[in-house]
Structure formats: C-alpha cells, structure tokens
Amino acid sequence: MPQLRPNTPPPPDYYRNNLLRVVEFVAHTYADLLNPRELLYLHSVTQVSRDAQRLLARLISRKGPRIREDRLNYTEVGCLQTQLQQLEQQGLIDRNPAAPADRLLMLCTKDELVAWFPGFARSSKAVLLGDIVTRYSDVQLHTRLSACLNWVSIRQAGMLDLLRLLYFGDSYRDLSAFVLEDLGLVRYEPYVIDRSNRQFDHRDDLDRYLTLRSARDLSHRLADFPQLAAEVTTQLLHQPCETRIEQRTRDRALNRLGHWHERLGELDSALACYAGSNTHPARERSVRILKKTGQVQRSECLQQQLIEAPRCAEEEDFAQRFGKRGGGVKPPITSVRLDCATPERIEDHAAQLLTANGGVALHLENNLPLSLTALAYWPVIFAEVPGAFTNPFQSAPVDLFWPDFARTRATLIAEQDRILADPLGFRRELTSTWQAKSDTANALMSWRAMSAEVLHTILHCIPHTILFSLVGHVIRNLPMARTGFPDLTVLYGPGQYEFVEVKGPTDQLQPAQRIWFKHLTRLGANGRVLKFQAQAR
DNA sequence: TCCAATGAGG
DNA sequence: TTCACACAATCGC
DNA sequence: GATTGTGTGTCTCCTCATTGGAAA
Ligand SMILES: [Mn+2]
Ligand SMILES: [Mn+2]
C-alpha cells in the first residue's frame, strides 16, 4: 500500500516515524545485549520533542558529516533553532564542531570563498581551497568561518551505524528503504520475522562481528595504512569465529591480506593468510606461491588435494587446469573478424550480427539463469526456515548463497520439482509467479531484465527440458551459478536458441565462464563463444 | 552556454 | 562492493 | 596464443536543482 507520491510532501511525521520504527525494533529485539551507553542513546532519541525527532530524522538522511544550518529548510520542523538546541543538549548533535580546515571550507561554494577570503588568486576551487588552507591554521579558520555560517554534525555516528546494522542486518541500506517501499518501487515478500533466531544471539556475537568487520574494512584500505597489515593479519589469524557469516568475513579479509602480502613479495606471510582461510581462492593462491618458490612437491600435493576434495567448483577447475596449458574442457568457439571500429559495446555489435536474419538477442548475462530460478523456486527461496528471516526488508533468506542452502530445503525443492517437471506446469508456475510477485525484492530476480515479454519469448523458444534442468542446477549450486553465464541469450524460434559469450580481441574466457560452459554442455544446452579478432594488417 | 557530477527529495 | 571487461606483462611451445 | 595480474567502470529508483568547470 504505497503511501507516498513522488514530489508530493509526505505527512509531517513520515520520516520521524521511520526513524522510530528502527529504534523500537532494535530496543525490542536487542534490549538484552545493548550496553548502557547504547541504551541511553536510544532513550535520548525517544525523549526529545516531536519536532526535534523530525529534524533528527532529516539530518540522518543528509550526506554529512557536516551540514550547513542554512540548508535545513524543513516545513514540518517548527522553530529550527529550538530543535537544534534540544538535540545538542541531548548529545545527539554537535554545533559548529571543529574539523580539518579543508573539510570546513568544503561547506562553502566557490563564490562564498571568493567573497569571504578576498585577496586570493582566482582559480579553480581546489587550488583556492589549498591556498586558503596554507594561510590559516585549523583553529583560525574555524573562528573565521563561524562568523560566516553555522553547521551541525551528528554526534556518535557509530550509534546510528549500529542501529542500521541491527535493524537491516547489514550496513548497506538506510532509511531510504522505507521511502522506496512506500513509493511502491519495491515490494517485499511478507515473511514473518523469526524472533527466536536473532542475527546476534549474545553480545559476544555482535562484538566479534564488529571486530571482524573493522578488520575487513581495513583489508580494503591497506594502501592507506600499510603499517597495519601485519597487525591485522595476526589479529585475524587468531580471531575465533562461531558463525558462518563470521567465518566468511574472516576468510575474505584473510584472502585480501594474502594478496597484499603477495604483491609485496612477502610470500611466507601470504601463505600464512591463505592457510587460515577456508574460502576460494586461498588454496589456489597457495598452489601458485609454492610452485613459484620452488616447493614443487608441496605445490603438487596441495593441487592433488584440490582435485580429490575441492571445496568449490572454482577450486576443481583450477586444479584440473593449472600447469597444463590448454588443458580442461573448451567450449565451441566461433571466430569473426572485427572489420570496422565499433564505438558501441561489443555485445551489442554481436547481437546485431547474430540476429541479422531474424531472432532476438538479449544481453542478460547472469540474469537469465538467476531470474528464471527466482520465478521457478519462489516458495522455496522464501520458505520460513528457522533463522532464515531475522530482519525487516530482506530480499533473500540469510543463507541463500551458503553451500547447503539446497540441502536445508531438499524436501521443498523436490515438491516444487514435481510441479516444474511438467512442461505446462513449468510455464504456468513461472508466468503466474511473475504476475503475482512483480517488483517484489528477490536477490536472484531482476525485474527490469526479465520483463513479461522477455519471459514469454524465453518460454516459447527454449525447450522445457533445458529450462527445467537449468533452474534445477542453479537452485542446487547457487554459489557457483551466480556468476559467469554467457552474455547473450539468442532466441531464433521454438527449440532454436543459443547462449553466446562475446569476447573482444583482447578478452579471455574467465574461470567462472568456463565452469558455466562445462555445465551447459552437461545439461545439453546450446552454448558457444563468439570471438572477435582484430583486423590483420 | 553547456555539461557532468553531486546531492536532496519523494 | 560486485562482476565482468580492458589491457599489459609474461610464459611456453 | 595462453596465462596471469592489475586497473577500471557501473551499480543497487527516478527527477530536479545546484555547482563548478570547460567549451564556445
Ligand atoms: Mn559480459
Ligand atoms: Mn563477454
């Protein structure tokens, strides 16, 4: 039930109510594991006046970290100064807080800088800013700017990050999720939140997660803090992990650190990182390093382990091919000379070429297998398995991309397969789900790419046996089936179709793409690579 | 004058 | 932050 | 030609206004 219209003012309490919903959910769900400081923060938010809450909700949605007071024009907030004062007294915002000079100056437009700091050479804003910074100290600039304008910043922004994490289950979404839903742009599956399986059961779980996340963030910015690499490495190697989310976060950070050490030539440290990680591509990297450093026997031994007990498809493919040039299975390749310079995307060029004599080429990539799987197994994906739905606004169960997703739901999948096995049932299930769930958020579904028309053409041209085995493969192997599907789905007519991966002159088939071709062959589907070769001169 | 980039907003 | 591409450097036959 | 490594671009709605820099 959309309650918002674009460019039409929402009810005065709209943004405030969204904020309070977050606060109430967190207070209700996690009261037992929040510390006194955090509880006090929640209390402060609920205690300030209605108008102050309205303003706070607006401030939270602004970019920050510093916001100019003269840019706070909100009709629903009465007496701005009173509310600012109250928010400050409650410790929720700071007014005119100190900050590095260049940051403060960025609050001003270029025209304002010219007016307020006369005597500086007129040039680009960046240069002007640099000139002013070298002339004044941070403190001097603060007093000078305070005479011209006022600004505020949200205090304890970390508290709001925590609120977002506990409400949404991740840190990527924010209060705009409410708006998108209320505008009717996104719908959400009406699942029931599993109150007996919280995302974080004890304070320890939360703390471990936060520690891991900061380590992970650091592993992304090692270039800025190279001196911290060693410390983070040892910390991660000794970090206990209890849940699989923790394990995965830790593994990915370790893989990143390993890669960093590799680039610096610190191969022993790299090996240590990879040894502590249970996730691809840790063992592949180890095989390479061992080979490169002359430890041939250890390298081959590990490679043998990968072949005998691969942890994922990528490992298996790597182990089969490493050291054997031109080894492994190869998809059929058609080579074409690239005669004219093509300003357009190479995939579009290929699409035109392939459909010159009729048919339609769709640039869907992974959207084809994933969206079809979403439609075919919708009830399986949103089945209320214990612990799968712990937060509002989920577009998938927590474990959608975990290796045992399908095992946990084996019975449900088998039931759904009985419907899908029949060609008519398959078609009915997909089209009716499309209509019933249109625009409902599903991590596998791209509603834009898989329009009703596209879906009908696909069902019309690709044989049922192929589609059925394709989605069956995907739902059972989501971690690997998520990437690498060929660029183009080309539909010529009933029973006449092909999946085409387009390659430019310098492009090479990627491991994930090779793996998909392997499975397409096994499933009996038509697939090939269309390679454009540079014009010989 | 035009334009791309950015941010605010529903 | 993700995935896939573009491009460069190197390897091995 | 195959392989490996590295850097990059486009994204999670869509529209409007503002800003700052460049083209004309
Ligand atoms: Mn592609
Ligand atoms: Mn391609």
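We name chains A, B, ... by the order of the sequence lines, and we start the count at 1 in each one. The structure displayed is predicted, hence computed values, not measured ones.
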Within less than 4.0 Å of OP1 or OP2 of [N], is there a side-chain N or O belonging to [X]?
| X | N | result |
| --- | --- | --- |
| A:N366 | C:dA4 | yes |
| A:Y74 | B:dA8 | no |
| A:R482 | C:dT2 | no |

Please classify the nucleic acid contact of [X] as base, sugar-phosphate, or nothing, using heavy-atom distances under 4.0 Å.
| X | answer |
| --- | --- |
| A:E262 | nothing |
| A:S124 | sugar-phosphate |
| A:Q513 | sugar-phosphate |
| A:R173 | nothing |

If we take the [atom1] atom in both [N] and [M], what is their distance in whole Å?
| N | M | atom1 | value |
| --- | --- | --- | --- |
| B:dG10 | D:dT6 | C1' | 41 Å |
| B:dC2 | D:dT12 | C1' | 30 Å |
| D:dC14 | C:dT2 | C1' | 23 Å |
| D:dT15 | D:dC11 | P | 15 Å |

If we ignore angles and hydrogens, is there a donor and acceptor under 3.5 Å between the side chains of A:Y274 and A:E262?
-> yes
Between A:F322 and A:L185, name the one whose nearest nucleotide on DNA chain D is closer to the 5' end.
-> A:F322
Which nucleotide in the set C:dT1, C:dC3, C:dT2 lies at the smallest distance from any side-chain heavy atom of A:Y172?
->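 When the side chain of A:Y172 is considered, C:dT1 is the closest of C:dT1, C:dC3, C:dT2.
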Start and end of the DNA chain D segment that chain A contacts, any atom under 4.0 Å from a heavy atom |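 With heavy atoms of chain A under 4.0 Å away, the range is D:dG1 to D:dG21.
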N/O to N/O distances under 3.5 Å, protein versus nucleotides 6-11 of chain C:
from   : atom 1 : to     : atom 2 : distance (Å)
C:dC11 : O2     : A:R325 : NH2    : 3.1

Residues A:K518 and A:E316 bridged, charged N to O under 4.0 Å = no
Between A:D94 and A:R155, is there a salt bridge with N-O shorter than 4.0 Å?
->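 Yes, A:R155 and A:D94 are salt-bridged.
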Can you tabulate the close N/O pairs, meaning under 3.5 Å, that link protein atoms to atoms of nucleotides 4-7 of chain B?
from  : atom 1 : to    : atom 2 : distance (Å)
B:dG7 : OP1    : A:K63 : NZ     : 2.8

Find out whether the Lys NZ or Arg CZ of A:R482 is both under 6.0 angstrom from the six-membered ring centre of A:F401 and within 45° of the ring's axis.
->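 Yes, A:R482 sits over the ring of A:F401.
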